[in-house]
Structures are given as structure tokens and as C-alpha cells.
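Comments concern the structure below.
Below, chains carry the letters A, B, ... as their sequence lines are ordered, and counting in each starts from 1. Note that this is a predicted model, so its numbers are computed, not measured.
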Amino acid sequence: MTLRLHDTLARSVREFVPVEQGRASIYVCGPTVQSAPHVGHMRSAIAFDILRRWLIASGYDVTLLRNVTDIDDKILHNAGHESVPWWALAARNTRAFTDGYDALNVLPPTGEPRATGHVPEMVELMQRLIDADHAYAAGGDVYFDVRSFADYGRLSGQRPDQMLSSEAPDEAGAKRDPLDFALWKGAKPGEPAWPTPWGAGRPGWHLECSAMATRYLGPSFDIHGGGLDLVFPHHENEVAQSVAAGDGFARYWLHNGMVNTSGEKMSKSLGNSLVVADVLERARPQAVRYLLGAPHYRSDLEWSEDGLAEADAAYGRIENFLSRAAEVAGPPPAAALPPEFVAALDDDLAVPRAIGAVHDAVRAGNSALAAGDKDAAATAYGEVAAMIDVLGLSPHDFTVGGGDATLRHVVDTLVPAMLATREAARQRKDFAEADRIRDALAAAGLVVEDTSSGARWRLA
RNA sequence: GGCGGGAUGGCCGAGUGGCUUAGGCAAGGGCCUGCAAAGCCCUGUACGCGGGUUCGAUUCCCGCUCCCGCCUCCA
């Protein structure tokens, strides 16, 4: 069984055959750093993080690029609104994204190119397009000639003749056709600009991704990913630019579904965004990652606070097993991934089924622990640990409980002392006293569990 | 108007032409426990509506209703 992935361009699930055997090159559209990251951004990052981890687990040498669009209309607009330099706003938001990825255990990309650092590559690509009569300079801008590219619309299933043009006729400016899109935007007074043979200006959104993807991954690479909302026009335009210029470009197009709130896609313009930093104030990162990563990556996801609580409980079940098993077996033994887990992820990353396999192993492990079957428990323990790692949900990968080391030491000392006092009370059948101590710990946010080998405790 | 996706039990969320009809959360019963907690076992409640194909459809086809995404900055 080999990996099969849903390709938006082919509109079907295809076997994954990389350009180069044993290697996988991935370009994921990262954010435009116009504002703080919301959970929708994280959902996309997590989806492709799981793809990456699965490729690594399958033996691939993976190169994953995730760009940062650090110059665009919204950034300039928001910076003006806040009276801060555009580059300062971009840098601040870029850091916020990095913090979000880190908190949710998204592996750092192999490279993280920024648009403003790749103007020469963009100029080169524009020159190739102009030379091939697929682009033209006009009125300080450079446009792609959509009618010159016969396959335009193939990725998104749109037909140029059917497309609405939102622009009023008088706004079309120097375009030859309303569908033509800007590769490069001529400088406006007071805006940042970079020199080009066609005049100073700044990058159009679509151009940068084509230029950066081929700069680092070559003219033909394996996977291009991003949110479903990018299929048109962004990815359609990328295909047009790169293929018209003679590059093979991406061989598989993967798109993740949207995160909705109360039936609507979340985005800053709707004013209902769920900023990651705020969510992490009221939920553990493990729960957030579980919630965003557990459904299939291609289905839409309805964000809800109830869902967050459920995710926390479901993850807690896995976590609980791991810590109980660790008390018996120490570090998890090496174990092969269960076949049903492998089959699930190979089938277009069917994470829901994969998580089903995780829970099956958890139940088997819990039963083994209850029966005192150490070997069976250890096997399940190793399997669960291995599976969870592929999903990026290993408890130890997350920063535990914040707090500083000193406070943790106090807790680690104080709690066992209280539990010893309680155990003494239980021995002399003073259950009132024992319950008083347990209640006190519960009030402090700790759960006490009595087991045959003594009491254990954890954060509620 | 054009393109695409979806409607599953109290909730989330998979999946399949019939078979033991995922998994989680919640609920009820049992075991365990001093009582709990954790864990294990058991239980119930499904496939939007109307047709069609079929021996048989939640699963395939047609129509309808509703929802969502894209067509404009957007993961």
C-alpha cells in the first residue's frame, strides 16, 4: 500500500509518485501577515504538518517551504491605520504566527521565504513571461495575459468566459482584458517600492509564490498546498504564471477545508475571527491541535467551544493511558505502527480513521493494564506513542502547564506530602480526613486517583 | 448567474450496496473503589425530503429543500 493523495487539479485521489524517489518537496501557502493568526490558519498548518510527518514516517526526505507574504495592500492599509511602519507590522505578525505554530507543535518549515526577499526572482520570472508574450507592462504595472494561456481555469474548474469581473470598467486601468491580473504593481506615492526594468513598484500576490517555489524547489516539484479558498484566483494564477513560463510546477495540489464559526467562514473581514493567542488563553494547545487536526483535512470544520471541551476530553483519554503506562513501563518501547493506522493515513490522510486506531490501542492497553498483562500493555503503549507522534500529539512535545521550574518543584514536593498524610488517614480508616485532603487538592485543580499501587495525581 | 463541497444517532465525526452497521464526547446499567476518580463491560437513540435502479440503498441515479466555500483581500 502506498500513499494516495487527493489532487485538486485531477479532481481525484492519485497515488503519490515523487519527482525524485525517496524525496518529497512541498510548498505550502503561508499567511499574509496583515493581522494576528486565527485558528483557520493553524488548521492549514496542522494539516500539512501531518502530511509532512507522515511522509517522514514513511521514509521520505521531506523539504517543506511555507512562505510569508510580507508586503501587500492589507499590510499597508493596517500599518497606516496603526501608524506603524509596514515592515514593523509584518514582523510583529510574523512572530505571532511563529508563536502559534510552535504552541501547536507544528514543525518548523525547512525554509520560510519572505516575498520582499525575492524581488530578483520575481523580476526574472516576469521577464520570462514577457519574452514569451504571456505578460505585458502597462501603466507602471505588469499584467499576466490570461487569454494567452489556454489552460487558464483548469485548476479551479472556472471558464474565463463565465467569470464575473468585479471591477468597474473604468477601474480596469491599463489591462488589456478585465481578467488579466497584476504580476507587479506600480509604485504609488508613499508606498514601498523596488526597482524593476518596467519601473519601481511592489510584488503582486500571485507572482511571489511562483517565484519562491521554483527558486527553492526547482521548476517541477511534488506538492503545493494551501487553503481551499486559495484555489481561485491565487493558485489558478500561480499555475498560469509558472506553466506559461515553461515550468512543470506542482504535480499535486492539496487543499484543506475551512474553519467556520456559526456557519460562516472566519476571516478578519467578517470580524468573527478566533485569534490563536486568545484561544490558547482558555484551552490547552493539545486540545486545540486535536480539534483542528482530527477531522479529515478536506472537510469543513465548525469551530465551537463544546467541540474544544470534547477534544480536550478525548485527548485526555489518550494522555491518561500514556502516563499510566509510563508508570509501569517507563519510556515507550519501539513499536511498529498498526496496519490500520498506516492504511488510514496512506488513504489521503484519513486522520479520523487513524485516530480510531489510536483509541482502539488505548482501550487494548487500558484493558491490559487492568489485567496486569505487562507485555500487552507495553505493546499498546509503544503503538499509541508511535501513532500519536505521527499526528503531532505527543504530550511531551507541548510545553507543560507553563509555570516556572521553581513553582513546579514546590508542587511536586507539596502534593506527595499531602498524599502521604491522606494515605495514613486512609490506613486508619479516617475517611473524613482523607476526603478533606482530596477536596483540598481538587479545589487547587488536581485530580487524585487511588490505585492498587498508591495514589496518583494530575492536573484536572 | 458560473464552479465545487456537504446534509449520519443527544453532540462531534468516519464509513459502507446486504455482514459483528468506526472512533470520541454526553446519557443509563454493571464491575472495581471506604466513597470517588480512572479503567473495563453492556445499553439505547442514525443516515435531509421525494422518486428511481436493485432481491436489497444511508451508500448508486434523478429531482427537491437547506447549508457551506470560491467567482473580490483571505489558510
Nucleotide paired to A7(B) in any strand shown, Watson-Crick or G-U, under 3.5 Å:
U65(B)
Touch check for Arg458(A), heavy atoms < 4.0 angstrom, all strands: base, sugar-phosphate only, or nothing?
sugar-phosphate
What is the distance, rounded to the nearest whole Å, between atom CG of Asp435(A) and atom C1' of A36(B)?
8 Å
Which base, if any, makes a Watson-Crick or G-U wobble pair with C55(B), both distances under 3.5 Å?
G18(B)
For G44(B), what is the paired nucleotide under Watson-Crick or G-U wobble rules, both distances under 3.5 Å?
none
Using atom C1' in both nucleotides, what's the gap between C19(B) and C3(B) to the nearest angstrom?
39 Å
Whole Å only: how far is the NE2 atom of His235(A) from the C1' atom of G4(B)?
16 Å
Whole-Å distance, His234(A) NE2 to C3(B) P, equals 25 Å
Using a 4.0 Å heavy-atom cut-off across all strands, classify His255(A) as base, sugar-phosphate, or nothing.
nothing
Base, sugar-phosphate or nothing for Gly157(A)? Non-hydrogen atoms, less than 4.0 Å.
sugar-phosphate
Suppose we call two aromatic rings close when their centres sit under 6.0 Å apart. Are His224(A) and Tyr252(A) close by that rule?
no
From NZ of Lys429(A) over to P of U33(B), roughly how many Å is that when rounded to an integer?
12 Å
Quantified in whole Å, what is the C1' atom distance between nucleotide C32(B) and nucleotide C42(B)?
15 Å
In sequence, state the C-alpha distance, the side-chain angles, and the governing distance for Phe249(A) and His235(A), and then conclude on ring pair (Phe, Tyr, Trp, His ring centres under 6.0 Å).
CA-CA 11 Å; Phe249(A) 212 53; His235(A) 290 166; 9.0 Å; no
Are Arg147(A) and Asp177(A) close enough for a salt bridge, meaning some N to O gap below 4.0 Å?
yes
His296(A) NE2 to A7(B) C1', in whole Å, measures 18 Å
Regarding Arg456(A), tell me which of base, sugar-phosphate or nothing describes its non-hydrogen contacts under 4.0 Å with the strands shown.
nothing
Quick one: label Asp73(A) by what it contacts on the DNA or RNA (base, sugar-phosphate, nothing), any heavy atom closer than 4.0 Å.
nothing
Under 3.5 Å donor-acceptor pair, Asp450(A) side-chain atoms to C35(B) base atoms:
yes
For Thr32(A), report the nucleic acid contact type (base, sugar-phosphate, nothing); a contact means any heavy atom under 4.0 Å.
sugar-phosphate
Contact class for Gly30(A) (heavy atom, under 4.0 Å): base, sugar-phosphate, or nothing?
sugar-phosphate
Within this structure, what is the CG-to-C1' distance between Leu441(A) and A36(B), rounded to whole angstrom?
14 Å
Work out how far the C1' atom of U72(B) is from that of A26(B), and round it to whole angstrom.
42 Å
Within 45° cone and under 6.0 Å: Arg154(A) NZ/CZ vs Phe149(A) ring:
no
Atom-to-atom span, CD of Glu319(A) to C1' of A38(B) - whole angstrom:
13 Å
With a non-hydrogen cut-off below 4.0 angstrom, is Phe431(A) in contact with a base, only sugar-phosphate, or nothing?
base
Protein-nucleotide distance (Arg298(A), atom CZ; C70(B), atom C1'), rounded to Å:
17 Å
Between A37(B) and G28(B), how far apart are the P atoms? Round to whole Å, please.
12 Å
Using the side-chain contact (heavy atoms from CB on, under 4.5 Å) definition, which of the options Arg284(A), Arg324(A), Arg458(A) pairs with Glu319(A)?
Arg284(A)
Min side-chain heavy-atom separation Arg176(A)-Asp145(A) under 4.5 Å
yes
